[in-house]
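What follows is one structure encoded as structure tokens, with my remarks underneath.
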Amino acid sequence: LLVESGGGSVQPGGSLRLSCLASGGTFSGYHVAWFRQPPGKDREFVGAIEWEGGDTRVEASLRGRCTVSRDKIIGTVSLQMNILRPEDTAVYYCAVSSADMFITATQFYDYWGQGTQVTVSS
């Protein structure tokens, strides 16, 4: 069970840090990704991290504002988002893939969290 936390409402220019926990399990051997689904749009890739080695990928349009990291001690994956914009408003999901490469397509992810709402508005 993947559990996201850290969502909320923030003004444009603000920051949020989302966290994902594998409750009752572990991220070992997985790529852990963040996706988001804006209102009325398809789910889209935000970024991901390879749990063992820590290698990361971030969607090109979000580089410089978004960072994916992991804490192997407490077993969480985080998404740090800075300089937030209204168009970042979405439900953000954590997902895991057992593939041995970074994948941005949703159909290759095995488990999903319930999502956490991020709203950017003045």
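Between Thr67 and Val58 there is no side-chain heavy-atom pair separated by less than 4.5 Å. Taking the side chain as every heavy atom from C-beta outward, Leu2 and Val96 approach each other to under 4.5 Å. By the 4.5 Å heavy-atom criterion applied to side chains, Leu84 and Leu16 are counted as neighbours. Residues Pro12 and Pro86 have side chains in contact (heavy-atom distance under 4.5 Å, counting atoms from C-beta outward). Counting only heavy atoms from C-beta outward, the side chains of Cys94 and Trp34 approach each other to under 4.5 Å. The shortest distance between side-chain heavy atoms of Thr116 and Val91 does not fall below 4.5 Å. Arg36 places none of its side-chain heavy atoms less than 4.5 Å from the side chain of Val118.
Under the rule for a salt bridge (Lys or Arg N to Asp or Glu O under 4.0 Å), Glu59 has no partner lying at least two apart in sequence or in another chain. Residues forming a salt bridge (Lys or Arg N to Asp or Glu O under 4.0 Å) with Arg65 (at least two apart in sequence, or on another chain): Asp88.
Expressed to the nearest 0.5 Å, how far NZ of Lys41 lies from CD of Glu87 amounts to 8.5 Å. Atom-to-atom distance recorded for Ser78:OG and Ile49:CD1 is 9.0 Å, nearest 0.5 angstrom. Here the OG-CE distance, from Ser15 to Met81, works out to 9.0 Å after rounding to the nearest 0.5 Å. We find the CG-CE distance between Asp55 and Met101 to be 13.0 Å, quoted to the nearest 0.5 Å. For the atom pair Leu62 CG and Asn82 CG, the distance stands at 11.5 Å (nearest 0.5 Å). Here OG1 of Thr89 is found 13.5 Å from CD of Gln37. Values are rounded to the nearest 0.5 Å.
Within a 6.0 Å radius of CG in Asp71, more than 12 heavy atoms belonging to other residues, nucleotides or ligands are found. Heavy atoms from other residues, nucleotides or ligands lying under 6.0 Å from OH of Tyr111 number 12 at most.
Put simply, the side chain of Glu50 gets close to the backbone of Gly53: a donor and an acceptor are under 3.5 Å apart. Looking only at distances, no side-chain donor or acceptor of His31 sits under 3.5 Å from a matching main-chain atom of Asp100. Side-chain N or O atoms of Arg70 include one that pairs as donor or acceptor with a backbone N or O of Glu52 at under 3.5 Å. Judged by distance alone, the side chain of Glu4 and the main-chain N or O of Gln114 form a donor-acceptor pair under 3.5 Å.
A continuous path of ILVMFWY side-chain contacts below 4.5 Å connects Leu18 to Val10, so both sit in one hydrophobic cluster.
The aromatic rings of Trp112 and Tyr93 sit perpendicular, their planes meeting at an angle over 60°, well past the 30° parallel limit.
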Practice problem: Dump the intermediate steps for side chain to side chain contact (heavy atoms under 4.5 Å, CB included) on Arg17 and Ser69, then the final yes or no. | Solution: CA-CA 11 Å; Arg17 186 177 184 87; Ser69 61; 3.4 Å; yes
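Closest of all the heavy-atom pairs between Val3 and Ser23 is CG2-CB, 4.1 Å. The shortest non-hydrogen separation linking Ala22 to Thr26 is CB-N, 4.0 Å.
Evaluated for a ring pair (Phe, Tyr, Trp, His ring centres under 6.0 Å) with Phe45, the options Tyr109, Phe35, Tyr92 yield exactly one hit, Phe35.
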